[in-house]
2 protein chains.
Amino acid sequence: MKPAALEPSDKALVPFVSVEHMMQLIHRIGVEEMMAGIALYIEQDFRRWELFDKTPRVASHSAEGVIELMPTSDGEVYGFKYVNGHPKNTSEGLQTVTAFGLLADVGTGYPVLLSEMTMLTALRTAATSAMVAKHLAPAGADTMAMIGNGAQSEFQSLAMKAICGIGNVRLYDTDAEATAKCAVNLAGHGLGVVTCSSPEDAIEGAQILTTCTADKQYATILTDNMVGSGVHINAIGGDCPGKTELAPGILRRSDIFVEYPPQTRIEGEIQQLDPDHEVTEFWQVLTGDAPGRTSDRQITLFDSVGFAIEDFSALRYVRDRLEDTGLYYALDLLADPDDPRDLFGMLMRAKP
Amino acid sequence: MKPAALEPSDKALVPFVSVEHMMQLIHRIGVEEMMAGIALYIEQDFRRWELFDKTPRVASHSAEGVIELMPTSDGEVYGFKYVNGHPKNTSEGLQTVTAFGLLADVGTGYPVLLSEMTMLTALRTAATSAMVAKHLAPAGADTMAMIGNGAQSEFQSLAMKAICGIGNVRLYDTDAEATAKCAVNLAGHGLGVVTCSSPEDAIEGAQILTTCTADKQYATILTDNMVGSGVHINAIGGDCPGKTELAPGILRRSDIFVEYPPQTRIEGEIQQLDPDHEVTEFWQVLTGDAPGRTSDRQITLFDSVGFAIEDFSALRYVRDRLEDTGLYYALDLLADPDDPRDLFGMLMRAKP
C-alpha cells in the first residue's frame with residue numbers, strides 16, 4: 001500500500017478499514033459481541049447527548065435517491081458518515097444503502113480513521129434498536145416479529161438476542177424468498193425461527209415488533225387493528241420524507257421515542273402527525289430526565305431514523321478495537337511536508 | 001491492496017488517489033498545464049453555475065480551528081470535500097489546511113473517486129485566482145505582487161504565469177525565510193522573481209496584487225493609501241469569520257467580485273462591509289450577465305473564499321485524466337453482496 005518512491009511521514013497516514021477488514025474484525029470479535037459492544041458505546045454517547053454538536057444531516061436529493069453527509073462532534077473527536085439511499089439500486093444488483101465514515105481529531109483537523117460503513121451501519125442500526133428495546137420493551141420480552149427480511153433483518157434479530165435476550169423471531173416479508181434467506185442465515189445462531197405468511201401471523205405472541213422495509217413510499221406495514229397493547233414497536237424503515245410504515249392510528253395510541261426530533265419529524269413515522277405531537281427524546285430516558293415504559297399495557301414506539309451520534313459511537317468502537325489487529329491499511333491521504341509552508345517544495349522533490 | 005481472501009466485485013472498488021499518486025499525476029501532466037486544465041474545468045462549471053446544488057458548507061468550529069464539509073452536485077455527479085483549517089498547526093509541524101474529496105454517481109449514490117485534496121486544493125485555488133484574473137486584470141498585466149509567501153504562493157505565481165501570462169512576481173512576507181523559500185522554489189520556472197522587504201515595495205509596478213496570509217485575525221496586509229487605481233486585487237487569505245487582510249477603505253473603492261455571496265459575506269473581506277454592499281457574482285461575468293472590468297482606472301477585487309464547485313471541477317479533471325495512468329489504488333470501500341438483501345450472508349461467507 002505504501003508508495004514505493006517516497007515514504008510519507010506517520011502524520012500523513014490514515015488507517016483505512018476496508019469491507020474485507022471490517023468483516024474480519026467482526027468475525028474476530030463475534031457479530032453478537034460486537035453489536036453488544038457498539039450498543040454500550042451508543043448508550044455512553046446518548047448519556048452525554050447534550051455535549052454533542054448536532055448538525056442536521058446534509059442531504060442532496062435526486063429523483064433516484066439521496067446522498068447524505070452526517071457530521072457530529074463531541075468537542076474532542078469529529079466524525080461524519082457518507083451514506084446514500086437509492087431504493088431502485090436493488091433491481092440493478094446494487095446496495096440500496098452504502099456508506100463510509102471518518103473520525104478526525106478536533107484539535108488538529110487531521111483524520112484519524114477512514115472506514116467502510118455499509119457493514120458497520122448494519123451493526124450500529126441493530127445495536128441502537130436493541131439498546132432502546134432493552135429499556136422500553138415489556139419485561140420478559142422473548143419473541144420478536146421481524147417484518148421486512150432484507151439486509152438488516154438478521155442483524156436486528158441477533159442484536160435483540162444478544163442485548164435484550166429474546167429467544168424467538170417470527171419472520172415475514174412480502175417476498176417469501178427474502179424470508180427464506182433470513183431463516184437460512186439465522187439457522188445455528190441460537191434463535192427459534194418461525195417463517196410466517198402474513199404480518200398478522202408474524203406478530204402473533206410477539207412483544208417486540210420490528211418493521212424494516214425499503215420501499216420509498218407511504219406504506220402501511222402495520223395497520224391499526226393489528227397492534228394490541230403491551231408491545232414495543234421498533235420502526236426502522238420509515239426513515240426519509242414520504243417513507244413510512246405504520247398506520248397513523250398506531251402512532252396515536254403509542255408513546256413515541258425518537259433520536260433527534262428536528263430530524264425525525266421530517267424523516268420518521270411522525271411525519272404523519274402534527275408537528276407538535278408529543279415525543280420523548282430517548283437519551284432523556286437514559287439520563288432519567290424522562291420516563292420510559294411505565295405500564296405493561298403501554299405501546300412504546302421507537303421511531304428510528306438513524307442519527308450521526310450512532311455512527312460516531314460505532315466508529316469510536318472500531319477505532320478502539322483496531323490497534324494490534326493489523327486489520328487496516330495505512331492510507332497516504334494527507335500531504336505532510338517537512339515544512340508546512342513548503343507544499344510546493346514537497347511536490348518538486350517528488351519529481352520522478 | 002486487494003484483500004487476499006475475497007476478491008470484491010468491481011462495483012465495490014473505488015479509485016483512490018493518494019498524495020504520492022497526485023504528485024506523480026501533476027508531474028506527468030506538468031504543474032502549470034494541470035492548473036490551466038483545472039481552470040478550464042472551473043470556468044466550464046462557473047458558466048453552468050445555476051444548475052448546481054449550492055448547499056452552504058457545513059462547518060464544525062472549535063477553539064483551535066474548523067472542520068468543514070463542502071458538498072455540491074450538478075445533478076449527475078455529486079462531490080464533496082473535507083477540509084480543516086487550524087492556523088496553529090504550523091507551529092506543531094502540521095499543515096494548516098488538509099483536505100480530501102470524493103465524487104459519486106447521483107443515480108446510484110455509489111462513490112466513483114476518492115482523492116487527497118491538500119495538494120489538489122492548492123492547484124484549484126491558484127487556478128481559480130488566475131482564471132478570474134484573466135477576466136478582470138488590466139490588459140497587459142505583467143507583474144504580480146505576492147504578499148504572503150506560504151504554501152499557496154508558488155502555485156499562485158505559476159498559475160498567473162500559465163493562465164494570465166504574467167512574467168514577474170514581487171514577493172513579500174513578514175517572515176523573510178518564507179520569501180526566500182518561495183524565491184528558491186520559483187527559480188527556473190520562467191518567472192522574474194524579486195524579493196521585497198516591505199509590502200509597499202512588493203506592490204511597486206504590479207497590476208495584480210495577491211494577498212494570501214494565514215493568521216486567523218482581522219489584519220491589514222494592504223492599507224488604503226497603498227493601493228492605487230488600475231489594479232486587480234486577488235484576496236485569498238480573508239476566508240473565515242474574523243479573518244480579513246484588506247483595509248475597508250480599499251473595499252469601498254473597489255468593484256468586488258465573489259464566488260457565492262451567502263458564503264462570502266460571512267467569510268470573505270466583505271464581512272467588514274454592510275451586508276447589502278453591492279457585489280458581483282463572478283459567474284455572471286463569464287455568462288455576460290454582469291460587467292467585468294470596464295475601465296483602466298478601476299480597482300477590481302476578487303474576494304475569494306473557495307467554493308465547493310471549484311473542488312468539484314478539480315476532482316472532475318482528475319477523474320478524467322486518471323484512466324490509463326495507473327496512478328490510483330482500488331479501495332474496497334463498498335460492501336457489494338451478490339444479493340443486495342444478503343449482507344449478512346456475505347459477512348458469514350467471509351468467516352476465516
Side-chain angles (χ1 to χ4, degrees), chain A residues 1 3 5-6 8 11-12 18-20 23-24 26-27 53 55 58 60 62 64-65 67 69 71 73 78 80 84 86 89-90 93-96 98 100 104 106-110 116 118-119 122 150-151 154-155 178 181 185 332-336 340-345 347-348 350-352, chain B residues 1 3 5-6 8 11-12 18-20 23-24 26-27 53 55 58 60 62 64-65 67 69 71 73 78 80 84 86 89-90 93-96 98 100 104 106-110 116 118-119 122 150-151 154-155 178 181 185 332-336 340-345 347-348 350-352:
Chain A
M1 185 61 213
L6 284 178
K11 287 167 192 160
S18 69
V19 176
E20 175 62 20
M23 293 195 294
Q24 297 311 325
I26 295 169
H27 285 297
D53 185 2
T55 316
V58 186
S60 177
S62 64
E64 296 85 5
I67 296 175
L69 299 173
S73 165
Y78 169 93
F80 82 87
N84 76 296
H86 286 69
N89 271 6
T90 308
L94 300 174
Q95 286 283 109
T96 300
T98 65
F100 71 90
V106 167
T108 64
Y110 272 46
E116 85 81 32
T118 310
M119 205 54 90
E154 298 93 343
F155 297 98
K181 173 228 47 159
N185 280 338
D332 173 23
L333 183 65
L334 308 176
D336 187 48
R341 295 169 311 185
D342 197 16
L343 196 65
F344 188 82
L347 171 62
M348 286 302 124
K351 195 160 185 169
Chain B
M1 185 61 214
L6 286 179
K11 286 168 192 161
S18 69
V19 175
E20 175 62 20
M23 294 195 293
Q24 297 311 325
I26 295 169
H27 285 297
D53 185 3
T55 317
V58 185
S60 177
S62 65
E64 296 86 6
I67 296 175
L69 298 174
S73 165
Y78 169 94
F80 83 87
N84 76 297
H86 286 69
N89 271 7
T90 307
L94 300 173
Q95 285 284 109
T96 300
T98 65
F100 71 89
V106 167
T108 64
Y110 272 44
E116 85 80 35
T118 310
M119 205 55 89
E154 298 93 343
F155 297 98
K181 173 229 45 160
N185 280 338
D332 173 24
L333 184 65
L334 308 176
D336 188 48
R341 294 170 311 183
D342 197 16
L343 197 63
F344 188 83
L347 171 62
M348 287 301 126
K351 194 160 187 167

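Per chain, numbering begins at 1; letters A, B, ... match sequence-line order. Given the structure is predicted, the values throughout are model-derived calculations rather than measurements.
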Whether the side chain of Q24(B) engages the backbone of A350(A) through a donor-acceptor N/O pair (distance < 3.5 Å, no angle test) should be reported. yes

Quick check: do I26(B) and L347(A) have side-chain heavy atoms less than 4.5 Å from each other? yes

Heavy-atom nearest pair, V19(A) first then A335(B), reads CG2-N, 3.3 Å

Between L69(A), T96(A), D53(A), V58(A), which residue shows the highest count of heavy-atom pairs closer than 4.5 Å to chain B? L69(A)

Heavy-atom cut-off 4.5 Å, strictly under: side chain, backbone, both or neither for T98(B) against chain A? side chain

Give me the ring orientation class for F80(A) and F100(B): parallel if the planes are under 30° apart, tilted from 30 to 60°, perpendicular past 60°. parallel

K351(B) side chain to H27(A) main-chain N or O, any donor-acceptor pair under 3.5 Å? no

Using modelled atom types and a 3.5 Å cut-off, is there a donor and acceptor pairing between side-chain atoms of D332(A) and backbone atoms of E20(B)? yes

Heavy-atom pairs under 4.5 Å with chain B - which of S73(A), G150(A), A122(A), G107(A) has more of them than the others? G107(A)

Output yes when a side-chain donor or acceptor of K181(A) lies under 3.5 Å from a complementary backbone atom of D342(B), and no otherwise. no

Under a 4.5 Å cut-off applied to non-hydrogen side-chain atoms, are N84(A) and Y78(B) in contact? no

Would you check if the side chain of Y110(B) reaches a backbone N or O of Q95(A) as a donor-acceptor pair within less than 3.5 Å? yes

Side-chain donor or acceptor of N89(A) paired with backbone N/O of T108(B) under 3.5 Å: yes

Nearest heavy-atom neighbours spanning A151(A) and L343(B): CB-CB, 4.0 Å

Do you know which two heavy atoms are closest between A104(B) and I67(A), and how far apart they sit? CB-CD1, 4.2 Å

Under a 4.5 Å heavy-atom cutoff, which of R341(B), E154(B), M348(B), E116(B) has the most pairs with chain A? R341(B)

To the closest 0.5 Å, what do you measure between OG1 (T118(B)) and CG (D336(A))? 9.0 Å

